[in-house]
Amino acid sequence: MSYTLPEGYLPYAQAWEEKIGAFIEFTPGAAPSGMVEAGVSPGSGPADLEGLPFAVKDNIAVRGFSISCGSKLLEGLRSPYTATAVQKLEAAGAAVIGKTNMDEFGMGSSTDASALKQTNTPWDQSRVAGGSSGGSAAAVAAGLVPFALGSDTGGSIRQPAAFCGVAGLKPTYGAVSRYGLVAYASSLEGIGVLAGTVARCRSVFSVIRGKDPRDQTSRDAPAGAPPLEERVPSRTIGVLSAEAVARAIAAAGSAGTGEGRPAAEAASAAEAARIAAGAAELEPEVRRGFETARERFIALGYKLEDVELPILKYGVPAYYTIATAEASANLARFDGIRYGRRPGWAENPDDLIDKAREAGFGAEVKLRILLGTFVLRSGFQDRYYLRAQRIRAGIRRSFEALLGSSGYGGAPPRFDAILMPVFPTRAFGRGDTALSPFAQKAADLYTCCANLAGLPALSFPALVEGGLPVGVQLLGRAFAEGVILDIAETYEAAHPFPHPRGYRAFWS
Ligand code: GLN
């Protein structure tokens, strides 16, 4: 496994990287990791990745490379081993060219929560690349790599893909091994692909997927699942519009102020519901992009039908309850002893851990550990965590009623895919034009449901509005990545994906 850098690539890449800051470590021309263990072989994919470089989010292990997770606590740490997904790509002849920036431990929607550097969308340097896989998305969008690996816990591949104008695939839960992915919320997340074209997304996914003895949650696609290698005829798409989502949230607002609560608590719940409803509202350009995509799919011969999913109103609260609970457990390993920078002096072991975490974790990470510890507090599990798990099961059942379950063989489902927005805004700015941390969380509504339900989802650029790309999202049945990739590829063939000014196509 190695790559050949095309003529003119190095100055091009350096100039872009100065503007976008996609990489935490960028090593074009250096020896690749070269670690493919016995027994690891690429999935069934076409052999078209030979000789290509790729970038890897800095929470996925590549031997000899940085594994900082965008955190001060792990800054400078080098991985002693390589994630299975990366090994499979190396076995297919591709090679790692660098590690990309991200929100600290994957917690965020802008990459501005990285403790190490700032990443900008290649479309406008004053705006964020999205997150948490912002570095991977920006590197692909600027043409620095033909594809990159990211991770998606609640939208971290699809949202930056939308902000940067590339394709982003979050596979079915368990379709790709998580071995070598630093855990944030293990039951929600997975490794996925960001690429310049849907076809590239497909070939990378076909190489990295499959059961891995090192990850007991990983699975092969079940018998009867649509094949990845051939196009599958699909015609019916359910549309989850912003209006349907607004109706669901409005219902949540009235339920949130329910009786039996102290007045102050009810008032603050009502205020939170109001901000959440506002944050989920699509900005006019995104609305226009979504409507255009809907019309284009009709023109391409698809049958579109509106759907309602009232349970969506509980998506974000359930997601943040489960994600923070799991994060508080997963991040307990970062204690300055086993991992993390050790403070120069400490009174005793507890003081050492306190000092390491105080200096090493950023504000967002601390907030989430506290929230997770709170929802898991003894006597509180029923009220928060178990309730969130019941909502999660309800969300999965609601999607299965539309798309079918992972048990193939029964009656054909109502829809081949669900079309929905990715995020309410295009790439946002900083300072006055930034989205508040609360609004960013509320806006995860459109992406976090696929993670709660464990379903595959693909974000791709529908068009450019006001100089920035607008993404839309297709959500599919478990292990039906082939179907959503096909639908997106049909769209892309009629409406090729846009590129930022200054983009050069090095990787045909
Ligand atoms: N924005 C979401 C969060 O902050 C999703 C992040 C992710 O998918 N890693 O948790």
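Order of listing sets the numbers, starting from 1, for every ligand and every atom in it. Bear in mind the structure is a predicted one, so any value in this text is a computation, not a measurement.
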Near [X], which atoms of ligand 1 are under 4.0 Å from a heavy atom of that residue?
X: Gly106; result: 6 (C), 7 (C), 9 (N)
X: Tyr320; result: 1 (N), 2 (C), 3 (C), 4 (O), 10 (O)
X: Gly154; result: 5 (C), 7 (C), 8 (O)
X: Ser109; result: 1 (N)

Residues Thr111 and Asn101: side-chain donor-acceptor under 3.5 angstrom: no
Modelled atom types, side-chain donor and acceptor of Arg178 and Thr217, under 3.5 Å: yes
Any Glu364 heavy atom less than 4.0 Å to ligand 1: no
Within-shell test, Ser132 vs ligand 1, heavy atom, strictly < 4.0 Å: yes
Among all the protein's non-hydrogen atoms, which is closest to [atom], and how far away is it?
atom: atom 5 (C) of ligand 1; answer: Tyr319 OH, 3.4 Å
atom: atom 9 (N) of ligand 1; answer: Ser156 OG, 2.6 Å
atom: atom 2 (C) of ligand 1; answer: Asp444 OD2, 3.2 Å

Aromatic ring pairing Phe105/Phe334, orientation class (parallel under 30°, perpendicular over 60°, tilted between): tilted
Basic-acidic side-chain contact under 4.0 Å: [X], [Y]:
X: Arg294; Y: Glu291; answer: yes
X: Arg368; Y: Glu104; answer: no
X: Arg247; Y: Glu308; answer: yes

With Ile484, the side chain to side chain contact (heavy atoms under 4.5 Å, CB included) member among Leu169, Val198, Leu455: Leu169
Sub-6.0 Å ring centroid separation between Phe205 and Phe147: no
Within reach of ligand 1, part of Thr153 (heavy-atom separation under 4.0 Å): both
Per-residue contact class, Arg368 against ligand 1 - non-hydrogen pairs under 4.0 Å: side chain
Heteroatom proximity flag, Met107 to ligand 1, N/O under 3.5 Å: no
